[in-house]
2 protein chains.
Amino acid sequence: MPDTKKPSRIQMRNRRVILDAALDVFSRHGYRGATLDQIATEAGLSKPNILYYFNGKEEIHVTLLSQLMETWLDPLVEMDAGGDPLDEILAYVQRKLDMTRDLPRESRLFANEILQGAPRMGSQLHDGLKPLFDEKCAVITGWVAAGKLAPVDPRHLLFSIWATTQHYADFEVQVDTLLGGGAEVFDGAAAHLETLFRKLLTP
Amino acid sequence: MPDTKKPSRIQMRNRRVILDAALDVFSRHGYRGATLDQIATEAGLSKPNILYYFNGKEEIHVTLLSQLMETWLDPLVEMDAGGDPLDEILAYVQRKLDMTRDLPRESRLFANEILQGAPRMGSQLHDGLKPLFDEKCAVITGWVAAGKLAPVDPRHLLFSIWATTQHYADFEVQVDTLLGGGAEVFDGAAAHLETLFRKLLTP
DNA sequence: CAGAAATTTTACCATTTGGTAAATCCACGA
DNA sequence: TCGTGGATTTACCAAATGGTAAAATTTCTG
């Protein structure tokens, strides 16, 4: 097990290479649809070599999901209870949309895992996401109570924000088929979502 | 091949049983994650028996996707260019949400397929969905031009409707974890989405 | 009921896949 | 430069999986 002490330079590099390849493969094919051979090929390493760095397919997947969780929650963590309510939420929508554009593989990895019932992630949802979710819901409820936002169910509001932003990564193929592809998709999406949530929340 | 002439009663029954079991398994585990043995067990038949009714795993999957396409487009087809714009769109949102509640397996089957890049569905997106999408976008554009709706990009509007409604099936595990489960989820969702899109679209 | 046709089971098979053991290679500090 | 521990490859394996052939059984029809 190379992870008992401090990792060498070569270990750092190969672990990163493997995780990057695995992210590609897992996000495209889901956990069971991904194979170690695919990951190995994409990483430019042999399969046994990969198993020298990770104890098995599942450990690679779990490692990716753990790392993802931090990145994923970050934009919501940054939502500041002391800021201007409408600005804070609209900025959050933009951060989330930026993440969808810049990290579509991560979005699809997450979507895949949730779709299959979160078999390797249930605890992280409960222990990592739920407390943050409850905290931010309370913040939004406070904003509504103070008359700074139009009345809204904060839980369904957050669901709507997640759904509308992640849609552009998770359903990318459909979006591209219907719009004809192109990078300007996200400009249109940004404008649309800003309007959508501004109109909903303006008191 | 039992599908050359008119199917017998026993064929009708078994094909239905198999497709129902396959929908369960494919929607939970994705195409590659599903196994014929699982489908066979769930259907109460033997694996070779299943292959007597379908020529292979892929044929079962494709059959499900084809059947799904009709069901899936139906709510949008019903949107009437001659009706009241706001009513028509809000009614469409409700129909879509009802479908998400009543057919969550179908929603997840579709999501799985799109997530993986629609490898067995690309043509149906292009030939089935796109024409309808373009047609309804034109209708909405007409409504906006006539001043019946607030200015909106019809394409992103439809994306938002799809994303927010299907979210409750595709991310069911997450929604249940965060809300504590319960059937009243959809009541809250219905109220929230009605408000969301009403505020967006009211001129 | 007899025989044909449809249906189901039994017994397989080839390939893929996650994983392992052991031999080999290689970088690097003494 | 030489030896040692980390890194990599080669050669496997057992289980799972999609699929098939053919025998056995059930169902339908005259």
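Each chain gets a letter, A, B and so on, in the order its sequence line appears, and its residues count up from 1. Predicted model only: the values in this text are computed from it and were never measured.
In this structure, the OH atom of B:Tyr52 is 13 Å from the P atom of C:dT9, given to the nearest Å. One can place CG of B:Asp37 at 18 Å from P of C:dT16, the figure rounded to the nearest angstrom. One interatomic measurement links the two molecules: CD of B:Gln38 to P of D:dA15, which rounds to 19 Å at whole-angstrom precision. Between the CD1 atom of B:Ile18 and the C1' atom of D:dG18 there is a distance of 15 Å, rounded to whole Å. In this entry the distance linking CZ of A:Phe54 with C1' of D:dT8 reads 16 Å, nearest Å. Taking atom CD1 of residue A:Ile50 and atom P of nucleotide D:dA7, one finds them 15 Å apart after rounding to whole Å. Look at NZ on B:Lys57: it is 18 Å from P on C:dT15, rounded to the nearest Å.
Note on A:Tyr53: a side-chain N or O is less than 4.0 Å away from OP1 or OP2 of D:dT8. Between A:Ser46 and the phosphate of D:dT9, there is a side-chain N or O to OP1/OP2 separation shorter than 4.0 Å. Considering only side-chain N and O atoms, A:Asn14 lies under 4.0 angstrom from the phosphate OP1 or OP2 of D:dT8.
Nearer the 5' end of DNA chain D, as judged by each residue's closest nucleotide, is the contact made by A:Leu45, out of A:Leu45 and B:Tyr31.
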(Q) Using the rule given for side-chain hydrogen bond (donor to acceptor under 3.5 Å, both in side chains), can you reason through A:Gln38 versus A:His29, listing the C-alpha separation, both sets of side-chain angles and the distance that settles it, and then say yes or no? (A) CA-CA 11 Å; A:Gln38 264 179 293; A:His29 305 291; 3.3 Å; yes

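Comparing atom distances between the A:Gln11 side chain and each of D:dG6, D:dT9, C:dG19 picks out D:dG6 as nearest. Counting only heavy atoms from C-beta on, A:Asn49 has its side chain closest to D:dT9 among C:dT8, D:dT9, C:dG19. If you check D:dG6, D:dG19, C:dG19 against the side chain of B:Leu36, the one that comes closest is D:dG19. Residue A:Pro48 has its side chain nearest to D:dT9 when only D:dT9, C:dT8, D:dT8 are considered.
Within the nucleic acid shown, B:Ala40 has no heavy atom closer than 4.0 Å to any nucleic acid atom. Within 4.0 Å (heavy atoms only), A:Arg32 reaches sugar-phosphate atoms of the nucleic acid but no base atom. Backbone-only contact: B:Thr35 has heavy atoms under 4.0 Å from sugar-phosphate atoms and none from a base. Within 4.0 Å (heavy atoms only), B:Leu51 reaches at least one base atom of the nucleic acid.
The existence of a salt bridge linking A:Asp37 and A:Lys47 is confirmed by a sub-4.0 Å separation between a basic side-chain nitrogen and an acidic carboxylate oxygen. Comment: B:Arg16 does not engage B:Asp20 in a salt bridge, judged by the lack of any side-chain N to carboxylate O separation of less than 4.0 angstrom.
For A:His156 and B:Tyr168, the gap between ring centers is short of 6.0 Å.
Ring planes of A:Phe133 and A:Trp162: tilted class, angle from 30 to 60°.
Contact of B:Lys47 with D:dG18 (side chain to base): a donor-acceptor pair of N or O atoms is detected under 3.5 Å.
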